[in-house]
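First comes the structure, then the notes that go with it.
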Amino acid sequence: MRVLIAGAGSVGRSIARELLGHGHEVALIDRNPAAMRIASVAEADWLLADACEPAALAEAQVEDADVVVAATGDDKVNLVVSLLAKTEFGVPRVVARVNNPKNEWMFDEAWGVDVQVSTPRIMTSLVEEAVTVGDLVRIFRFHQSGASMHELTLPADSPVVGALVGSLRWPTDTVLAAVIREDRPFTPTSDDTLEAGDELLFVVAAAALESDLSELQQMLAPARGATSATG
């Protein structure tokens with residue numbers, strides 16, 4: 001897979017290193033000469049140019065990219081890059097970084113964005129997930145389908161502790177996708193028994209109602225009250 005990353009700052013370079021480590025072909029483009037730290041990601045192709053210019057994207061051979069990642073620290077730039085990549089060059093997949101959560105509403109298909117990544121919201125979700133037991137926390141949302149991933153760590157007093165997964169009936173449009181126990185994930189079967197401290201990961205369809213999430217919360221930890229949803 002060929003990936004073009006607009007923005008060669010710390011975020012862009014980190015993404016490039018990860019992708020290269022997984023065997024992908026990566027190119028980095030940035031208009032700031034100070035960002036040209038080529039030695040830090042020597043395996044990538046580098047281009048000093050403004051990714052907001054169609055000519056620069058053409059020089060970077062964006063039409064051959066399977067994915068474009070708009071990873072700059074400027075939301076306006078990321079939107080322009082996304083729109084050009086999708087509408088002018090027909091890139092199949094565009095991923096855009098959202099720096100200010102207030103701008104999330106703009107990062108959609110109208111601007112050529114297939115997947116938006118909001119670092120502040122991800123951090124918030126991870127903090128909540130790390131400190132809450134018995135609260136249903138939304139980790140992230142799948143952009144294309146609108147479905148979301150929710151996590152709950154079972155408290156010792158949960159009414160489902162000791163219950164067989166097959167004996168439980170989850171709310172409509174809700175699927176128990178995985179269980180993490182003692183740092184090891186597994187796909188639950190109907191014969192598995194839930195234990196205190198289990199981290200339950202649910203996929204919830206976009207069509208699910210707030211009442212469905214409240215029902216799920218009440219099933220797992222009724223004394224905890226309202227659902228906590230972020231991200």
Checklist entry - Among the clusters formed by ILVMFWY side chains lying less than 4.5 Å apart, do Leu154 and Phe202 turn up in the same one? => result yes

Checklist entry - For Leu4, which of Val68, Val91, Val69 qualifies under side chain to side chain contact (heavy atoms under 4.5 Å, CB included)? => result Val68

Checklist entry - In Å and rounded to the nearest 0.5 Å, what is the CE to CH2 distance from Met219 to Trp170? => result 4.5 Å

Checklist entry - Can a donor-acceptor pair be found between the side chains of Thr172 and Asp212 at a distance below 3.5 Å? => result no

Item to check | Distance in Å, Gln217 CD paired with His150 NE2, rounded so as to fall on 0.5 Å steps | outcome: 11.0 Å

Checklist entry - Near Arg37 CZ, under 6.0 Å, is it more than 12 heavy atoms from other residues, nucleotides or ligands? => result no

Checklist outcome for this item: Closest heavy-atom pair, Val165 versus Pro188, reported as atoms and distance to 0.1 Å, is CG2-CB, 4.2 Å

Checklist entry - Can you name the residues that form a salt bridge (Lys or Arg N to Asp or Glu O under 4.0 Å) with Glu195, not counting sequence neighbours? => result Arg181

Item to check | Which atom of Phe107 lies closest to which atom of Ala96, heavy atoms considered | outcome: CD2-CB, 3.6 Å

Checklist entry - Under a 4.0 Å N-O cut-off, is there an ion pair linking Asp75 with Arg97? => result no

Next on the checklist: Quick check for you: to the nearest 0.5 Å, what is the distance between Asp66 atom CG and Met1 atom CE?
Outcome noted: 6.5 Å

Checklist entry - Is there side-chain contact between Leu57 and Leu84, with at least one heavy-atom pair below 4.5 Å? => result yes

Checklist entry - Can you name the nearest heavy-atom pair linking Ala71 to Ile5, along with the distance? => result CB-CG2, 4.2 Å

Next on the checklist: Is there a path of hydrophobic side-chain contacts, each under 4.5 Å between heavy atoms of I/L/V/M/F/W/Y residues, joining Leu213 to Leu168?
Outcome noted: yes

Checklist entry - What's the verdict on side-chain contact (heavy atoms from CB on, under 4.5 Å) for Glu151 and Leu200, showing C-alpha distance, side-chain angles and the deciding distance? => result CA-CA 6 Å; Glu151 185 271 350; Leu200 309 183; over 6 Å; no

Next on the checklist: Which heavy atom of Ser82 sits nearest to which heavy atom of Ala70, and what is that distance?
Outcome noted: OG-CB, 3.9 Å

Checklist entry - If you take all heavy atoms of Val41 and Ala16, which pair is closest and at what distance? => result CG1-CB, 4.0 Å

Item to check | side-chain contact (heavy atoms from CB on, under 4.5 Å) evaluation trace for Val95 with Val67 | outcome: CA-CA 7 Å; Val95 179; Val67 181; 4.2 Å; yes

Checklist outcome for this item: Between Trp111 and Met106 the two heavy atoms that sit nearest each other are CD1-O, 3.1 Å

Item to check | Student check: side-chain heavy atoms of Leu48 and Asp30 closer than 4.5 Å | outcome: no

Next on the checklist: If the condition is side chain to side chain donor-acceptor pair (under 3.5 Å), which residues does Ser167 pass it with, not counting sequence neighbours?
Outcome noted: none

Checklist entry - Roughly how far, to the nearest 0.5 Å, is the OG1 atom of Thr187 from the CG atom of Asp192? => result 9.5 Å

Checklist entry - In the single-linkage hydrophobic clustering (I, L, V, M, F, W, Y; side-chain heavy atoms under 4.5 Å), do Val80 and Val94 co-cluster? => result yes

Checklist entry - Is the side chain of Lys86 donor-acceptor paired with the backbone N or O of Pro92 at a distance under 3.5 Å, no angle test? => result yes

Next on the checklist: Between Val26 and Ile15, is there shared hydrophobic-cluster membership here, with clusters defined by ILVMFWY side-chain heavy atoms closer than 4.5 Å?
Outcome noted: yes

Checklist entry - So, does Glu199 use its side chain to make a donor-acceptor pair with the main chain of Val179 at under 3.5 Å? => result no

Checklist entry - Are Val175 and Val204 in one and the same hydrophobic cluster, where Ile, Leu, Val, Met, Phe, Trp and Tyr link if side-chain heavy atoms are under 4.5 Å apart? => result no

Item to check | side-chain contact (heavy atoms from CB on, under 4.5 Å) between Glu25 and Asp45, intermediate numbers included | outcome: CA-CA 9 Å; Glu25 181 183 349; Asp45 295 325; 4.3 Å; yes

Item to check | Between OG on residue Ser40 and CZ on residue Arg13, distance to nearest 0.5 Å | outcome: 5.0 Å

Checklist entry - Distance-only, no hydrogens or angles: does the Asn78 side chain make a donor-acceptor pair with backbone N or O of Thr72 under 3.5 Å? => result yes

Next on the checklist: Surrounding CZ of Arg31 (heavy atoms of other residues, nucleotides or ligands, distance under 6.0 Å), is the total greater than 12?
Outcome noted: no

Next on the checklist: Are the side chains of Arg138 and Ser148 in contact, using a 4.5 Å heavy-atom criterion?
Outcome noted: yes

Checklist outcome for this item: Here the gap from Leu152 atom CG to Leu220 atom CG, rounded to the nearest 0.5 Å, amounts to 5.0 Å

Checklist entry - Yes or no on side-chain contact (heavy atoms from CB on, under 4.5 Å) for Leu83 and Leu79, after CA distance, side-chain angles and deciding distance? => result CA-CA 6 Å; Leu83 185 63; Leu79 284 171; over 6 Å; no

